[in-house]
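Reviewing the structure listed below.
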Amino acid sequence: MAHLMIRAETKEDYYFSEYMAKRAFWNLHRPGCDEHYLLHLLRDSEDYIEALSRVAELNGKIVGGIYYSKASVRDGDTSVSVLSFGPLCVDPEYQNIGIGSMLLKTTISAAREMGYKGIIIFGEPGYYPKHGFKTCDLFGITTKEGKNFDAFMGYEIVPNAFSEISGKYYESEVFEQLHADKVEAYDKKFPYMEKLKLPGQWS
Ligand SMILES: CC(C)(COP(=O)(O)OP(=O)(O)OC[C@H]1O[C@@H](n2cnc3c(N)ncnc32)[C@H](O)[C@@H]1OP(=O)(O)O)[C@@H](O)C(=O)NCCC(=O)NCCS
């Protein structure tokens, strides 16, 4: 009988959750990926929210994870804290059986109980709207460059939470620290996978 558990991550999981992230993102948006290195950096970042991040364990194996961090919406001198997450990922062998949805639902409930008001992400525009996410133009929130697009989405944990907020969204600086040479070196910890240029990649 399959036994799925959504739980906090422990140090013993790090290698396995990073390898799972590598396999989930490899060649998806570009040849290779940097999400396993992102996890490594994020956990040590002051913006990381360990209390909300969760992994999915199926029969003793890490098959998914969601990782939260602090972000903000700024308007002039005013700055309001919001939640963000990323990556959310599921082992390719276990996708489309509800694990991603369960990670999302479990952590949104936990965030609500902890008093958080809203989440803003850059994510798959086909996936998140079915979980109640809306594009940020509807909330009067832009990227820090002043842009809006389908992948830039928000979720009001408390109804109308974003009606009191407007401005530019700033995610943790850790997302800008994924230097190619560092990613390449870190990737050597994991089994080799071939980088491929595939149709549909962003770059
Ligand atoms: C996106 C992801 C986290 C979803 O988790 P999952 O456990 O596979 O998804 P669920 O089983 O909860 O949901 C499945 C549904 O989502 C849809 N879906 C899955 N991935 C999708 C995607 N990338 N874009 C649009 N829809 C997607 C499926 O078609 C399915 O739709 P249905 O319910 O109408 O049949 C997972 O597929 C994944 O890790 N993908 C690679 C990494 C990634 O893109 N992460 C998200 C970055 S923002």
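Source: prediction; values computed, not measured. Quick note: numbers below take in every heavy atom, side chains included, and nothing from hydrogens, waters or symmetry partners. Whatever order the structure lists them in is the order used to number ligands and atoms, beginning at 1.
Not counting sequence neighbours, K182 has no partner by the side chain to side chain donor-acceptor pair (under 3.5 Å) test.
Between the NZ atom of K22 and the NZ atom of K189 there is a distance of 11.5 Å, given to the nearest 0.5 Å.
The side-chain hydrogen bond (donor to acceptor under 3.5 Å, both in side chains) pairs that include a residue from residues 192-202 are E184-K195, where partners are two or more places apart or lie in different chains.
Y155 and L103 fall within the same hydrophobic cluster, where Ile, Leu, Val, Met, Phe, Trp and Tyr residues are linked whenever their side-chain heavy atoms come under 4.5 Å apart, directly or through other members.
By the 30° and 60° cut-offs, the orientation of the rings of F190 relative to Y15 is parallel.
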Solution key, residues 74-83 side-chain donor-acceptor pairs under 3.5 Å, sequence neighbours excluded:
residue, atom, partner, partner atom, Å
R74, NE, S72, OG, 3.1

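Residues lining ligand 1 at a heavy-atom distance below 4.0 Å are given as A24, F25, L28, L88, C89, V90, Q95, N96, I97, G98, I99, G100, S101, G123, E124, G126, Y127, Y128, K130, ordered by chain and residue number.
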